[in-house]
Each structure stands twice: as structure tokens, then as C-alpha cells.
Amino acid sequence: MGFLRNWRRKHVLKSARLDEALWKRVAARLSFLRGLSEEETGRLKQLVILFLAEKEMHGAQGLQLTDEVRLSIAAQACLPILNLGLEAYEGWVGVVVYPGEFRVRKEEMDENGIVHIFDEELAGEAWPGGPVILSWEDVGLAERGYNVVIHEFAHKIHMDGAGDADFPAARAGMDAAKWRETLEQAYRRFCSEVDAGRPTFIDPYAAEHPAEFFAVMSEAFFTESAVLARDWPELYWQF
Ligand SMILES: [Zn+2]
């Protein structure tokens, strides 16, 4: 399996080329890609080629996915796995893109055991073992500190490994205890800052759940790394 996949990937990389003019147009709108070195950009492009070959992207509600849309989503999805490899996104293939926010039905049980069913409008969602769902309108809102593609694909990285419901597992070569402790401490500190009503640079939505904290901090790490390094140096170092 591994051998065959490697062979296929080599073949894809040999035969596929990225349209450079298109890449330039897409990258110009993703300012955070400017921080990458030439070597990193080269590796990102290779990952993007493989991502587009191995994943299936579909437009929903009549949305036509242009090459530009596909490339933009692939570039943002591959940035978080630049040093992890495409293996981090194994076990699923689909990316579904809605024109705007999409409605999903949620069920939640309250403390009295009563189940509430309600509709929610979402900008993105990631299913364990299933697709990533994105709102193209929100992808277009990508700016410093907010990036729905990185957010949802960070959830995918979390779902991939041996982590638990709260946090993803440490990667090979990391101090697993330190990783966990740093995330837990940072999450506690963030929640107490939000509870105290202190304004936070980072989206307060990160206080919802440890898994959301990881996804939101991933957005910050890739799109506003200077802020993360300044305010959350230990977390920055772990990321
Ligand atoms: Zn989330």
C-alpha cells in the first residue's frame, strides 16, 4: 500500500504542473503565504498538486468550482501539513463547498436530559472520517487571524492521530507531555481571560472547547504568527 502510493505520488508529481500564473493570482490574496521561504513554497506546491489529485472537491447548491477556487482551498488546506505530509489527511476524500453559510441540524442534550433540536448556520465543518464542508463566502473572508479553511483542516489533523476529544496527539519527535501541558495551560489561561471579559486578540470562540482552541490557535499560528509568538510564546513554540 505504502509503496504503491509513493509510486503513484511520484508519478503525479512528475506529470502534473501547477499553472504558475494562476498560483500567483491565488497566492497574492493569501498574504500569509508570503512568509514562506522559497523551499517551503516549493514543498507547498507539491503538496497542493497531490492534494488536488487525491481529494475530491464538489460545489454544493449549484456552486461552480473554478480552478482558482480549488487551488485557493488546496493551498490553505496544505499549509498546516507542510511539515506533516498528506498522511495527516488520510481516510477521507471529500471537500464540499457551499456558496455561503450552510444550515445544519444539531441535537444537544441539556443538563436536565432534554434533547434540543435546532438549526445552525455554519461557515465550515469537519466530519471524523468524512468530508470537510466550507462556505466559499467565508473562505473569501480570509484575513489575519481568521481562516475557515485552516480552522477546519486543523480539526482534521486533530481527528487523524492518537489524540483524545480535547487535543491532538503530539507528533513524532515532540515531547508529548510538554505538548499536552502547554495546550492545557494555554486553554485555561485563555478561558479565564474570556471569562474576565478581557478583550482578546484571538477569537473568543476558542474558549468553547479545547478542540476549538486548537483550531483557532492554528488559524492564528499560520495567519498572525507574530501575535501568537508575542502573546503565547510557549504555545507558539509547540506549534
Ligand atoms: Zn471548529
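Hydrogens, waters and symmetry mates are skipped; everything else that's a heavy atom, side chains included, is used. Read the numbers this way: they start at 1 and go in the same order the structure lists the ligands and their atoms.
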Original post:
Does NZ or CZ of Lys178 fall inside the cone over Trp237's six-membered ring, less than 6.0 Å from its centre and within 45° of the axis?
Top reply: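 Here Lys178 fails the 6.0 Å and 45° test against Trp237.
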
Subject >> Minimum-distance atom from the Zn ion (ligand 1) among N, O or S atoms of His151 >> reply: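 Nearest to the Zn ion (ligand 1) within His151's N, O and S set: NE2.
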
Subject >> Considering only N, O or S atoms of Glu212, the one closest to the Zn ion (ligand 1) >> reply: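 For Glu212, the N, O or S atom at the smallest distance from the Zn ion (ligand 1) is OE1.
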
Original post:
So, Glu125 and the Zn ion (ligand 1): N/O/S under 2.8 Å, yes or no?
Top reply: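 For Glu125, the answer is no, given that no N, O or S atom comes within less than 2.8 Å of the Zn ion (ligand 1).
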
Original post:
With Glu39, which residues qualify under side-chain contact (heavy atoms from CB on, under 4.5 Å), at least two apart?
Top reply: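 Checked Glu39 against side-chain contact (heavy atoms from CB on, under 4.5 Å); matches are Ser37, Arg43.
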
Original post:
Is Arg189 salt-bridged to Glu234, cutoff N-O under 4.0 Å?
Top reply: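 Salt bridge: no.
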
Extract all donor-acceptor atom pairs below 3.5 Å that involve side chains of residues 108-120 and protein atoms in other chains or at least two apart in sequence.
| residue | atom | partner | partner atom | Å |
| --- | --- | --- | --- | --- |
| Asp110 | OD1 | Asn112 | N | 2.8 |
| Asp110 | OD1 | Gly113 | N | 3.1 |
| Asp110 | OD1 | Ile114 | N | 2.9 |
| Asp110 | OD2 | His116 | NE2 | 2.7 |
| Asp119 | OD1 | Arg105 | NE | 2.9 |
| Asp119 | OD1 | Arg105 | NH2 | 3.2 |
| Asp119 | OD2 | Arg105 | NH2 | 3.1 |

